[in-house]
Number of protein chains: 2
Amino acid sequence: MGAPSLMFQEICEQPAALSATISSLLPRRPEIAGLARDVRAVLFIARGTSDNAAVYGSYLVQVHAGRLASLASPSVATTYGARIDLAGVLAVALSQSGQTEEIVSTLEWAAACGARTLAITNGGAASPLAQAADVALITLAGTELAVPATKTFTTQLAALAVLALALGAPLDAGELAAVPDAVADLLACPPDLSPVVDGLAGVPGVVVSGRGMAYAAALELALKLKEACYLHAMGLSYADLLHGPIAVVDEQTPAVVLAADSGPALAGTVDLARRVRGAGARAYGIGGGPELAAASSAWLPGPGLPEWLAPIGLIVPGQLLTEALARRLGLDPDRPRGLSKVTQTD
Amino acid sequence: MGAPSLMFQEICEQPAALSATISSLLPRRPEIAGLARDVRAVLFIARGTSDNAAVYGSYLVQVHAGRLASLASPSVATTYGARIDLAGVLAVALSQSGQTEEIVSTLEWAAACGARTLAITNGGAASPLAQAADVALITLAGTELAVPATKTFTTQLAALAVLALALGAPLDAGELAAVPDAVADLLACPPDLSPVVDGLAGVPGVVVSGRGMAYAAALELALKLKEACYLHAMGLSYADLLHGPIAVVDEQTPAVVLAADSGPALAGTVDLARRVRGAGARAYGIGGGPELAAASSAWLPGPGLPEWLAPIGLIVPGQLLTEALARRLGLDPDRPRGLSKVTQTD
């Protein structure tokens, strides 16, 4: 065994990063509520890992805060220079670095179209994105050195949970404050990853799926497996998987399915795992409690969080799995080929 | 050579299907405009192939009709039963069959939340989806027998072009009326598919990408390759590809990139093809004129349509490619495993 990877170290820093971020942002709910008064829709602006965080934000805002939410197509602003009526819209831009020009310019475009603007970034209050927004929520993940984002992602999710509370979602802020301990518990007793690592080490591709709140964690795990393990990993919602691509699941192409331990999406996810196995493929479960464990070929326990917060913890076994699989494949999880830490697109 | 596949026959029926659909729907613009008076946002409700059509509708509405557009997460309605303020929203549901319960119930949910409702379906005016909507646009693709949707997809795109015109997009309806002839021209002189079929016949996966308007065609081609060829095909936008998954492109994983022959997204797509080849991977171009042809390892000409309509024609070489590749792989393009024509999800 060599020195632990930076990615592994940063995975383990998440309880502290989450604790600092949540303590800092929860008191800012009145300021966010003021910005969002009369807002009828939320437009998320993000790319890559931040886009997966935005999917979580979109479900939270719609399911619990009664507003329409959507993900922007930045090219509408940057490539086409379209003019859209965004009165009554809160534009929420997410960028770990706060430096990505495309995200900054799309947020500026939203403001010019009449939106109010909020930034969520780990880049600090002086970053271009924070400077461009009416209100900036700074996550306190500290410096992240491994290219695959981990603690900057989970702290974004925590900031989005604060946003949902500020928008009036009838949820318990105390449950959010308890998330760092739940993640610490999970890291203190890490699951045995080897059955899943063994199962994924020889396959050309994998499908990663989740329903509702857990879908964001599925998308993020698929991205991690693509980035760090070069796996052909497809993140698909439960329904989209049934609407066609289930044809790609076979003895060489397993599925990983994620679910909260409770909530209305659990039963469908358990059914999905059974259907995958019925098609002759392996289904690896993450979370979902005893029901998903029983339906899975191999299983990693989740964080034991209420459904609305489960994605913050559900991605953690996925991060550990990604890091271990990369090393098993002889890859450096900290420095995937073709990627740099700040991506500029136009 | 055996009998041509149903999929091939239905690809060739597209000029007639498009002509009938466009002639039937263009006169309904005033009715649609009346339904959409005071509408500030459009919410598309769809799954699978119809979801790819919705992506096209989303770009059209935002770039050319000045309204925010978003894709619904049906589970917000069906799994969570959320209540969202949808006043001032036009909900547009797309389903080829008009039978998919999840789509019908999500449209009914949108109406209960205050949205006005439009259906686009090939299932006829008596279908449950058409019955549930304030206004129904019936596509006239005729019966589609092959499981991979072709003519029902392109006629959906045509209906969405009519919607954009009805919403006041300053575009030329005469250009839409000319689409069937452009598709007929392309089918009359089909390109030599063999260099691309040869290149895809032995690979485990492929990335399919496009920017702006062409993104919807890229997503749809990726879905076709997954459904009919069991390829690990990832449909990714230009920017999302650069934000991480470009790591999966290598000598064993080519990219297919699609672009209109003109428009602001072309230059970036040409750059992407060059970057893919710079990473040691092959880039197969579809459309994009001589610039993309020169940047590509092999190339299939597009339809010669203006950018706003290009996806209707750009998918056609992709459909032909899918059908030919499935046969090359010894698969029946008409009956992929694990799929049926009408998919029910909850």
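In what follows, chains carry the letters A, B, and so on, assigned in the order in which the sequence lines appear, proteins first and then strands, with residues in each chain numbered from 1. What you see is a predicted model, and the numbers here were worked out from it, not measured in a lab.
- Ranked by heavy-atom pairs under 4.5 Å with chain B, the first of S58(A), C113(A), S70(A), G81(A) is S70(A).
- The CE atom of M234(A) sits 5.0 Å away from atom NZ of K226(B), with the distance rounded to the nearest 0.5 Å.
- Among all heavy-atom pairs drawn from S75(A) and G212(B), the shortest one is OG-CA, 3.9 Å.
- With sequence neighbours excluded, no residue forms a side chain to side chain donor-acceptor pair (under 3.5 Å) with D85(B).
- Residue L43(B) touches chain A through its side chain alone, counting heavy-atom pairs closer than 4.5 Å.
- Annotation: side chain to side chain contact (heavy atoms under 4.5 Å, CB included) contacts of L266(B) (sequence neighbours excluded): A259(B), V270(B), E291(B).
- Judged purely by distance below 3.5 Å, without hydrogens or angles, the side chains of R211(B) and T79(A) pair a donor atom with an acceptor atom.
- Each of S73(A), P204(A), P74(A) has some count of heavy-atom pairs under 4.5 Å with chain B, and the biggest count is that of S73(A).
- With a 4.5 Å cut-off on non-hydrogen atoms, A87(B) touches chain A through its backbone and its side chain both.
- Between the side chain of Y80(B) and the backbone N or O of M213(A), at least one donor-acceptor pair lies under 3.5 Å.
- Among Q62(B), Q252(B), R83(B), R67(B), the residue with the largest count of heavy-atom pairs under 4.5 Å with chain A is Q62(B).
- Among the candidates A82(A), P264(A), A267(A), the residue making the largest number of heavy-atom pairs closer than 4.5 Å to chain B is P264(A).
- The contact between A233(A) and chain B is made entirely by backbone atoms, counting heavy-atom distances below 4.5 Å.
- Under the side-chain contact (heavy atoms from CB on, under 4.5 Å) test applied with L68(B), the options V89(A), L68(A), V76(A) reduce to a single match, V89(A).
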